[in-house]
Structures are given as structure tokens and as C-alpha cells.
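Reckoned from all heavy atoms, side chains included, excluding hydrogens, waters and symmetry mates.
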Amino acid sequence: MEQRDSEAAPPTLGVGMVGYAFMGAAHSQGWRNVSRVFDVPVKPELAAIAGRDPSAVRAAADRHGWAAAVTDWRDLIARDDVQLVDVCTPGDSHAEIAIAALEAGKHVLCEKPLANSVAEARAMVDAAERAKARGQVAMVGFNYRRVPAVAYARQLIAGGSLGALRHLRFTYLQDWLVDPAFPLTWRLRKESAGSGALGDLGAHIVDLAQFLAGEHLAGVSALTETFVKERPVASGGGEQSTGRVTVDDAALFNGRLPSGALASFEATRMAAGRKNSLRFEINGERGSIAFDLERLNELSFHDDTEPATSAGFKRILVTEADHPYLEAWWPPGHALGYEHTFTHQARDLLHAIADGTEPAPSFADGLQVQRVLAAVEESAQNNASYVPVPTGTG
Ligand code: SOE
């Protein structure tokens with residue numbers, strides 16, 4: 001951090017971002033806005049953005065407000081005006097970039113899932129542990145924890161409003177792969193993405209389950225499926241070739257939590273009509289909570305201790321100043337959106353850096369999610385607990 005001459009202005013922190021696609025744009029919004037909305041202890045400055053395509057990364061720098069554009073992430077992490085590296089690349093480069101940045105003395109924010117394997121995630125945790133001793137912090141970008149309604153749901157559960165949990169039920173449904181003509185992009189190849197819907201969407205709902213329950217899944221049993229096994233390879237014209245999809249289109253899995261609660265998860269990019277539909281319902285001995293990302297300013301809450309004649313799910317509009325993050329935004333009823341979660345993510349990371357505390361979700365939290373994903377894949381590959389059902393009259 002660099003202390004400004006004037007005592008009035010907060011110290012600044014140079015941010016360097018690697019990647020400039022969807023997450024690069026979303027994270028840029030968070031870095032640009034955070035100090036205009038929240039009283040943060042340190043003001044981020046968008047120092048540099050890195051990407052391999054010189055014209056594309058220059059255009060991204062101009063569009064998103066980055067002071068410099070470079071074509072090699074190694075140059076970015078070596079810059080003296082960068083104190084935090086934000087990794088917004090496909091999963092196959094998370095470990096290399098994040099570990100190099102930590103070893104170069106930078107704080108790190110890394111997009112989810114943390115890595116493409118448990119081994120890579122383990123190495124990232126080890127690097128973060130070593131860097132912690134040097135006062136550096138590392139966070140993984142599970143941004144949905146920072147939807148105010150989700151953060152408030154965690155407060156209600158931690159405060160005992162549901163009592164002991166019995167069921168956690170999560171679905172994360174998208175439909176951008178329903179069309180078989182969608183090309184074989186990096187998200188459809190194991191070597192670049194690690195897994196398909198499981199790591200892309202399943203990682204979010206595994207993290208949310210563990211965050212909301214306050215405990216880690218103890219075990220899972222799973223089914224995965226790749227419905228469209230070949231897809232066109234985007235080529236520069238001529239004979240259209242196809243390539244094999246090497247990741248899941250969908251993952252369904254159940255799990256147990258140490259407290260005895262049961263959890264169910266469904267992650268798919270084949271749910272026609274569902275654009276970015278993340279929903280959960282959590283049932284406890286004293287009540288239930290339900291959330292739908294398509295109505296992300298609302299939380300449904302049922303208090304089972306109320307008389308049955310007047311009980312039922314009530315809709316809480318999560319826009320009060322006393323709700324998480326809302327003190328800095330608009331008056332009650334003026335709704336927030338998806339993009340605000342990235343501003344909240346930046347706010348919490350900046351506070352962790354200033355306070356010298358470990359941010360949540362940490363790389364260790366990211367490793368735990370990776371372990372669940374690996375267990376799901378192992379269960380699905382072994383058809384664990386899958387019992388064929390006989391048919392016919394025999
Ligand atoms: C997948 O399309 C995706 O972009 C995920 O990678 C993000 O994590 C999710 O927030 C939105 O959907």
C-alpha cells in the first residue's frame with residue numbers, strides 16, 4: 001500500500017488483472033466502483049491489465065479503465081505499481097499465475113473454481129500460507145456469498161433462526177449449451193476447464209452450501225452426464241470439423257454434512273429456458289429459507305414456530321440499511337443486481353488487506369470445494385451407490 005501525501009485520502013493499492021473476458025469485465029466494475037460506494041481503508045487503482053492479444057487487451061484497458069495494458073502476465077506481476085493480482089483466466093492457468101504472484105509479494109484474488117485439480121489447489125494453499133507470513137492475503141472469487149440476501153441468510157442460520165439444519169437443496173441451471181451447434185470452447189475441454197457444469201456452476205453451490213451451513217460436506221454420491229458428446233470446432237472456414245467434449249454437461253449429487261443434514265445439488269448448462277438460475281432452499285427444525293438469484297433482492301423465510309394458522313413463507317425485501325452491504329447503497333426498495341456482488345467482493349478483500357486478516361472465502365475454502373468436486377467425479381466415474389432398477393415382468 002502506498003500512503004498518499006495528504007492524510008485525508010486513504011492509501012492506495014495498485015491492482016493488476018490477468019484476463020479481460022466476462023469475469024475481467026465484472027471484476028473491473030467492482031474495482032472501479034468500490035471506493036466510490038464504500039468507505040474503504042485503501043483505495044484500489046486499476047494499474048494494469050494483461051492479455052495475450054495486444055489489440056484486445058488495449059481495448060479492454062480503455063473500456064474498463066486500466067492505466068496500462070500488457071501482453072504477458074509475468075510482466076504484470078513484476079510491476080512495482082501492482083500490489084494485488086486479480087486472476088480472471090480459465091482454470092488451467094490459475095495455479096501458475098496465483099502462485100507466481102504470491103511469490104512475487106502480491107495479494108491475490110483468484111476466480112472460481114480455485115483450480116482444475118485438488119493437487120493444484122493444494123499447491124495454491126501452500127503458497128498462500130507462505131505468503132501469509134509476509135502479510136499477503138489470498139481470496140477465491142465465490143461472489144454469490146456477497147449477494148446481500150445470501151449474506152443475510154447466513155446471518156439468520158448462524159443466529160439459530162432455522163435451528164438444526166435438515167436439508168440443503170441447491171440447483172444452478174443455465175441453458176447456453178442446449179444448442180449442439182455451440183462450438184467446442186475452452187469450457188468444454190477438461191485440459192482447460194477441469195470439468196464442465198460441475199466446476200463452473202457446481203463449485204458455486206458447493207461453496208454456498210458450506211458457507212451457509214457453516215460446515216464442510218463429509219461425502220457425496222453422484223451422477224454426471226455429457227449429453228452432446230461432439231461439437232463443432234471453430235475454424236477459419238473450410239471443412240467444418242468437430243471435437244469431443246471432455247467435460248460434463250450436468251452433475252447431480254447428494255451429500256451428507258457432519259451435523260447429519262442432507263444436501264442435494266444439481267448443476268447443468270442444459271436446462272432450456274434457465275439463463276442463470278441459482279436457487280436454494282434450506283430446511284431446519286425451526287423453519288426454512290429459500291432464495292432465487294433471478295429475484296436476488298428477496299429472501300423467503302418460513303418460521304415454523306409461528307402458529308400454523310398464520311405461518312407461511314414471507315418475502316423479505318433485503319434492501320434495508322441494516323442488511324449486509326446495503327448501508328452504502330440506496331434507500332430501502334432500490335434493488336441491487338448481479339454486478340454489485342463484485343463491488344462487495346472488492347470491499348471485503350480491501351478490508352482484509354488493511355486489517356491483516358484472512359479473507360473469506362480463502363484459498364483453503366477453495367481447496368475444500370475442489371475436494372468435493374473431485375469426490376463427485378470419483379463417485380460418478382465409479383457409479384458409486386448407483387443401483388440399477390430391473391424392468392419388465394420377469
Ligand atoms: C458460466 O457461464 C458463468 O459465467 C460462471 O462461470 C460464473 O461463475 C457465473 O457467475 C455466471 O455463469
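Scanning both residues, Leu336 and Leu296, for their nearest heavy atoms gives O-CD2, 3.7 Å. Across all non-hydrogen atoms, the minimal contact from Pro44 to Ser35 is CD-CB, 4.2 Å.
Scanning for ring-ring contact (aromatic ring centres under 6.0 Å, His included) contacts around Phe313 gives His302, with sequence neighbours left out. Take Phe280 and apply the ring-ring contact (aromatic ring centres under 6.0 Å, His included) test, not counting sequence neighbours, and it matches Phe170, Phe291.
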### Query
Hey, mind stepping through Ser264 and Asn254 against side-chain hydrogen bond (donor to acceptor under 3.5 Å, both in side chains) and telling me if it holds?
CA-CA 4 Å; Ser264 65; Asn254 298 318; 4.9 Å; no
### Message
Using the rule given for side chain to side chain contact (heavy atoms under 4.5 Å, CB included), can you reason through Leu257 versus Leu217, listing the C-alpha separation, both sets of side-chain angles and the distance that settles it, and then say yes or no?
### Response
CA-CA 5 Å; Leu257 291 160; Leu217 281 159; 3.9 Å; yes
### Task
Might you work through the salt bridge (charged side-chain N to carboxylate O under 4.0 Å, His left out) test for Arg58 and Asp62, ending with a clear yes or no?
CA-CA 6 Å; Arg58 178 70 259 165; Asp62 296 341; 2.8 Å; yes
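For the ring pair (Phe, Tyr, Trp, His ring centres under 6.0 Å) test with His340, the passing option among Trp329, Tyr144, Tyr325 is Trp329; the others fail. Shown are Leu278, Thr268, Leu201; of these, the side-chain contact (heavy atoms from CB on, under 4.5 Å) with Gln174 is made only by Leu201.
Remark: the backbone N or O of Val376 is not paired with any side-chain donor or acceptor of Ser379 at under 3.5 angstrom. Proximity of a side-chain donor or acceptor of Asp126 to a complementary backbone N or O of Ala123 within less than 3.5 Å is not detected. Listed for the Glu339 side chain is no donor-acceptor partner under 3.5 Å among the backbone atoms of Gln29. A donor-acceptor pair under 3.5 Å links the side-chain atoms of Gln83 to the main chain of Asp80, judged by distance alone. A donor-acceptor pair is defined here as one N or O able to donate and one able to accept, closer than 3.5 Å; no such pair exists between the side chain of Asn297 and the backbone of Ala335. The backbone N or O of Ala290 lies less than 3.5 Å from no partner atom in the side chain of Arg169, so there is not a single donor-acceptor pair. Checked by atom type and distance alone, the side chain of Glu103 never pairs as donor or acceptor with a backbone atom of Ala127 at under 3.5 Å. At least one donor-acceptor pair closer than 3.5 Å links the side chain of Gln136 to the backbone N or O of Lys106. Distance alone, capped at 3.5 Å, is enough to place a donor-acceptor pair between the Ser117 side chain and the Glu120 backbone. A side-chain donor-acceptor contact under 3.5 Å links Thr246 to the backbone of Lys190.
Salt bridge annotation for Arg269-Asp175: absent, with no cationic side-chain nitrogen under 4.0 angstrom from a carboxylate oxygen.
Trp186 and Asp92 share no side-chain donor-acceptor pair at under 3.5 Å.
Considering only heavy atoms from C-beta on, Val87 stays 4.5 Å or farther from Glu111 through its side chain. Trp73 is listed as a side-chain neighbour of Glu96, based on a closest heavy-atom distance under 4.5 Å. With a 4.5 Å cut-off on side-chain heavy atoms, Val15 and Leu46 do not count as touching.
Classified by interplanar angle (parallel below 30°, tilted 30° to 60°, perpendicular above 60°), the ring pair Phe142/His204 is perpendicular.
Summarising the geometry, atom CD belonging to Glu377 is positioned 5.5 Å from atom OG belonging to Ser195; distances are rounded to the nearest 0.5 Å.
With a 4.5 Å cut-off between side-chain heavy atoms of Ile, Leu, Val, Met, Phe, Trp and Tyr, the cluster of Val233 takes in Trp176, Leu177, Val178, Phe182, Leu184, Leu188, Phe227, Val228, Val245, Val247, Met270.
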